[in-house]
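Working notes, beginning with the structure itself.
Side chains included, hydrogens not; waters and symmetry mates left out as well; all remaining heavy atoms used. One-based numbering, in listed order, for ligands and for the atoms of each.
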Amino acid sequence: MPRHTLLSSQSDDDFDSRSSFDPGASFSEDDIPTRLTIPADGIPDDDGALRPTRIHEMIGQRDVYERILIAIDATQKRREPLGHILFDGPPGLGKTTFSTCIPRELGVSCQIASGATLKAPKDLIPYLTNAEERSVLFIDEIHRMQKAVEEFLYPAMEDFRIDLVIGEGSGARTINMQLKPFTIIGATTRAGLLSAPLRDRFTMREHLDFYPESDLALIIERNAAKLRVDISPDAAAEIARRSRGTPRIANNRLRWVRDYAVSRADGKVTLDVACRAMQMQEIDVLGLDRQDRKYLEVILRVFNGGPVGVEAVAHTMNVAPDTLVDEVEPFLLRSELIVRSPRGRMLTEKAIEHLRLH
Ligand code: ADP
């Protein structure tokens, strides 16, 4: 059984370590904040202070937001478990934030697991048997679950039951165990890697897209207030412009600019301070960082602009292909700096021009 930590989600610092999950530690509906149960080896959260804890604090993604609100509202009125939800999209766009806000809105408990650590059905069993009625089990990186775990999950998602095999060899028997009706929320950067049967068991599938600069500027202004940073609107807009459409990156840039302002200026973040801080980190006018530019340069110089397979680029850069596919390419594709053809990745004229100028 995995070790769990109970987290009172109001304060991300407020950890209460226990050796095992205590099923009695449930909260009633109006008992806010909801308790999250997080495996001891769970999701690192270095953004705790800035992560919205309630859904109305989330900025942007209005279509997804409205659909989720309707699902929550209908669920509460019917007093049934919420249908299973799958969030997909590049890292840092709010999949975890949506997933952890939903149980808080419902006033139910939430367990958090990571697909990478679910290597065998037995790893999943404690989560399923601990799931309280209408509670949420959030599985991050659900595409990394082993096939056997995935198959074990099907009847749990469909009929809230699991088949347990007890004993071995000729003495083995299968016990059918009934679970409490609960909700799985899955998050993935690679929806394409999920098998069709697993994908089909999610009643809602929500794709999170990159944020427009106006939404990111709002996030930056709100978070600057939380961090007590004095920032000018044009500085917030500039950081937003250079944040690759991604709230997590916007938060990181804001933190760096704040440090720079304190160390190299009078603490106030003006447009000039923000630009100098980002220049020092080699973040260019499109928001590309060293790794993004190296990726483009390798394709240009080593592979004559492409087409080239991602493995070859990754090998030349000495990084994992998954890092490029998950973290680097989505924004470059979205910005029309690269295209993907059947023969591999190719730079666009826009990328070649950008590299020439910056
Ligand atoms: P993902 O799970 O998709 O990798 P997260 O949910 O962890 O991304 O988001 C990263 C951080 O970005 C959060 O901690 C939060 O501070 C910020 N963030 C993400 N989405 C939003 C949003 N819609 N509004 C405000 N902040 C957001």
Side-chain angles (χ1 to χ4, degrees), residues 7 9-13 36 38 42-69 72 85-105 110 112-116 136-144 184-191 193-194 204-227 229 231 236 239-240 242-258 287 322-323 325-331 334:
L7 165 64
S9 53
Q10 184 96 69
S11 155
D12 288 295
D13 298 320
L36 300 179
I38 298 195
I43 303 160
D45 191 358
D46 53 5
D47 201 25
L50 301 183
R51 190 191 292 286
T53 54
R54 300 304 299 253
I55 206 152
H56 66 263
E57 295 166 24
M58 296 194 69
I59 291 168
Q61 306 285 355
R62 284 302 95 170
D63 295 355
V64 177
Y65 176 91
E66 293 295 340
R67 285 192 291 268
I68 296 289
L69 281 192
I72 289 174
I85 304 178
L86 180 68
F87 288 107
D88 85 281
L93 295 190
K95 299 182 293 298
T96 304
T97 310
F98 264 116
S99 303
T100 50
C101 282
I102 290 170
R104 286 192 184 95
E105 298 306 322
C110 173
I112 302 184
S114 170
V136 166
L137 169 56
F138 169 48
I139 307 181
D140 196 20
E141 294 197 286
I142 195 165
H143 61 277
R144 296 182 66 188
I184 298 238
I185 302 183
T188 178
T189 48
R190 303 270 196 100
L193 292 185
L194 291 191
M204 283 180 85
R205 280 177 265 165
E206 295 294 348
H207 175 71
L208 299 188
D209 216 332
F210 290 107
Y211 289 61
E213 281 168 33
S214 52
D215 286 343
L216 287 182
L218 256 174
I219 292 175
I220 289 166
E221 282 180 2
R222 190 173 292 178
N223 289 342
K226 281 189 192 171
L227 296 171
V229 184
I231 188 169
I239 299 173
R242 300 197 201 192
S243 292
R244 299 167 98 259
T246 308
R248 179 180 291 136
I249 295 180
N251 289 345
N252 292 342
R253 304 262 197 268
L254 173 64
R255 285 196 156 105
W256 163 248
V257 170
R258 173 183 69 154
D322 279 358
T323 305
V325 174
D326 285 344
E327 292 169 25
V328 176
E329 292 188 332
F331 183 73
R334 173 61 190 264

Closest non-hydrogen atom pair between His207 and Gly89, with its separation: CE1-CA, 4.1 Å
Ligand 1 atoms in contact with Asn251 (distance to a heavy atom under 4.0 Å): 12 (O), 15 (C), 16 (O), 17 (C)
Ionic contact status for Asp326 with Arg190, cut-off 4.0 Å: yes
Thr246 side-chain N/O to Arg244 backbone N/O, donor-acceptor pair under 3.5 Å: yes
Sub-4.0 Å atoms of ligand 1 with respect to non-hydrogen atoms of Tyr211: 20 (N), 21 (C), 22 (C), 23 (N)
Under 4.0 Å to a heavy atom of Gly94 - the qualifying atoms of ligand 1, by number: 1 (P), 3 (O), 5 (P), 6 (O), 8 (O), 9 (O), 19 (C), 20 (N)
Residue pair Asp209 / Arg334: nearest heavy atoms and the distance that separates them: OD1-NH1, 2.8 Å
Backbone or side-chain N or O of Leu93 under 3.5 Å from ligand 1 N or O: yes
Any N or O of Gly60 closer than 3.5 Å to N or O of ligand 1: no
Where ligand 1 meets Pro52 - atom numbers and elements under 4.0 angstrom, heavy-atom basis: 15 (C), 25 (C), 26 (N)
Distance under 6.0 Å and angle within 45° of ring axis: Arg62 vs Tyr65: yes
Any N/O pair Asn223/ligand 1 closer than 3.5 Å: no
Within-shell test, Pro91 vs ligand 1, heavy atom, strictly < 4.0 Å: yes
Flag, side chain of Lys95 to backbone of Leu86, donor-acceptor distance under 3.5 Å: no
Structural part of Thr97 in contact with ligand 1, heavy atom criterion under 4.0 angstrom: both
Atom indices of ligand 1, in the order listed, that fall short of 4.0 Å to a heavy atom of Met58: 22 (C), 23 (N), 24 (N)
Nearest non-hydrogen partners of Phe138 and Cys110, listed with the distance: CB-SG, 4.3 Å
